[in-house]
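These notes concern the structure reproduced below.
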There are 2 protein chains.
Amino acid sequence: MPRTTPAPSAVPETAGAFPVTVDVVALTVRDAELHALVVDRLLEPYRGQAALPGGFVLPGETLEQAAARELEEETRLTVPAGATGTGPWHLEQLRTYGPLGRDPRGPVLSVAYLLLAPAFGLPAAGGDAAEARWVPVGDTRAGLAFDHDQILADGVERARAKIEYSPLAAAFCPPEFTVAELRGVYEAVWGTRLDARNFHRKATGTPGFLEPTGRLGGGGPGRPAELFRLAPGVDPSATVLHPPLLRAGAS
Amino acid sequence: MPRTTPAPSAVPETAGAFPVTVDVVALTVRDAELHALVVDRLLEPYRGQAALPGGFVLPGETLEQAAARELEEETRLTVPAGATGTGPWHLEQLRTYGPLGRDPRGPVLSVAYLLLAPAFGLPAAGGDAAEARWVPVGDTRAGLAFDHDQILADGVERARAKIEYSPLAAAFCPPEFTVAELRGVYEAVWGTRLDARNFHRKATGTPGFLEPTGRLGGGGPGRPAELFRLAPGVDPSATVLHPPLLRAGAS
DNA sequence: TCAAAAGTGTTGATATTACACCCATGT
DNA sequence: ACATGGGTGTAATATCAACACTTTTGA
């Protein structure tokens, strides 16, 4: 049946209205490993269990606003406005789950978001919000509330696929970074080892990806590495790298 | 039926409840051109204007069920159950739009689905449902109600990207098809011309894509073509073609 | 026999991979 | 000096793109 509209500005009575949540898969690379942000739930259902940060969408806000608000409330982490654009942050919609069979309270729709961010510290536990912490994605087998294990797995798979053909790996790095740092991101996200020499050539040789800053970075042992930034004017989520940085190229 | 559990704890009062629609981007290839399914709206808002088939999600149904029901109601087209799997049909979630600024009646969330299907006839116009028709995607500039132009564009772009590295192009074909038919799908979806000889080698040479049936098809002029089917046991949405059938390879 | 479409062979250009080798710094 | 990581050169292999050529049918 077509949309039935009793009045020009009403929604049909037969249509259900659904509570809608946003849940955020926030990923970062720490200690050469991919980590996800989880919070410990203070309230029922699943009280005391770990879950993805998220919560109900409020009237009058967009889904992106709700995602940013929930992240900030639960982790004191402020997502820069317009993080869908360039820079060391990236927020994009993942997919929508529900409404049936995923929340003991009843039908709830959840719109999941994926956030890719450079490593950053979290405030010490003990605010009025639940404690937020980073957990290695390999350690999260079947431990999260609701269907959040599935959502996390989908988010990780999305990240793995996207860095292959988009400049999004740079979203895990600070504004200026070395090729080795970038390679560390690929190795952590894919869980593989990459040949440093070939990676360097591919990354620096792919048009529309990296731009040299001219400066040198790093104070560790060995020759200092050149610092790069993301090529100017590229939308990391729209740019397609050619040739791609192939996942198959792992040794 | 609605799974409304009286519940250990209820959804917080502060949380908004949103009407939720599903809208379907149904694509097919007809006359060597990519077409989308649209319906003419019988009711306000946007009465008389073309729109994607879709409508409100009812209590107790899943999003996929709602998408299939709306398609069937508005186009008399029955989506086979489990069309997310193998075969000449493919239904997948596209993304979620809203809730603000997209429906004059107020905040409405829309979960968009993408359906890839072989060409099929539509019932003659004049049922109690709105008339459904195929329109070439090139002809749909800014003509659809709501934000459906954007949703259609997103669906087309998803289809274009996916057939490059997945066997999903076969979802546009009947169960058995020739390499030329398959090439026609790529040409229509990408809007390019492909070299028939190189395409044949790539398509038949890519593991996990095509399986020869041994039979021959076609009664037209020229040498009869071998009939193929999708390789058995492949999930078209999960399989990754290697090497991919590159869009760049268009001549 | 001819037109049309299917399918194979071949070749130069480009990409990938593996690894030898040099460069620049801290200790 | 030497260890450590940064970065370049090069050669074997695979893939891509263009196109000559053969095969198999209908008219």
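On a predicted model such as this, the values are computed, not experimentally measured, just so you know. Residue numbers begin at 1 in each chain, while the letters A, B, ... track the order of the sequences.
- In this structure, B/R183 has no side chain to side chain donor-acceptor pair (under 3.5 Å) partners at least two apart in sequence or on a different chain.
- Classified by interplanar angle (parallel below 30°, tilted 30° to 60°, perpendicular above 60°), the ring pair B/H148/B/F146 is tilted.
- Tested against B/E164, the residues B/L245, B/L246, B/L241 include a single side chain to side chain contact (heavy atoms under 4.5 Å, CB included) partner, B/L246.
- Look at CG on B/L210: it is 11 Å from P on C/dG7, rounded to the nearest Å.
- Contact annotation: B/R183 side-chain N/O to C/dA6 OP1/OP2 distance is under 4.0 Å.
- For B/L246, taking side-chain heavy atoms from C-beta onward, the closest of the listed nucleotides C/dG7, D/dC16, D/dC19 is D/dC16.
- One atom, CD of A/E164, and another, P of C/dA15, lie 17 Å apart when rounded to the nearest Å.
- Residue order along DNA chain D, read from the 5' end via each residue's closest nucleotide, puts A/E181 first among B/P243 and A/E181.
- When all heavy atoms of A/P53 and A/V38 are compared, the closest pair comes out as CD-CA, 4.3 Å.
- Nearest heavy atoms, B/L182 versus B/F209: CD2-CZ, 3.8 Å.
- The nearest whole Å value for the distance from the CZ atom in A/R201 to the P atom in D/dA11 is 13 Å.
- With sequence neighbours left out, the side chain to side chain donor-acceptor pair (under 3.5 Å) criterion links B/R158 to B/E92.
- In this model, the phosphate group of C/dG7 is approached by a side-chain N or O of B/H200 to a distance below 4.0 Å at OP1 or OP2.
- If you measure from atom CZ of B/F199 to atom C1' of D/dA18, you get 17 Å, rounded to the nearest angstrom.
- Separating the CG atom of B/L182 from the P atom of C/dA6 is a distance of 12 Å, rounded to the nearest angstrom.
- Distance NE2 (A/H242) to P (D/dT15): 15 Å, rounded to an integer number of Å.
- Rounding to whole angstrom units, CG of residue A/L194 and C1' of D/dG5 are separated by 16 Å.
- In terms of phosphate contacts, B/K202 brings a side-chain nitrogen or oxygen within less than 4.0 Å of OP1 or OP2 of D/dC16.
- The heavy-atom pair separating A/A32 from A/A188 by the smallest distance is O-CB, 3.6 Å.
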Heavy atoms under 4.0 Å is the rule here; annotate nucleotides 21-27 of chain C 5' to 3' with B where the base is hit, S where only the sugar-phosphate is, and - elsewhere. B-BBB--
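- Going from atom CG of B/D195 over to atom P of C/dG7 covers 14 Å, rounded to whole Å.
- Residue B/A196 is classed as having no contact, given no heavy-atom separation below 4.0 Å to the nucleic acid.
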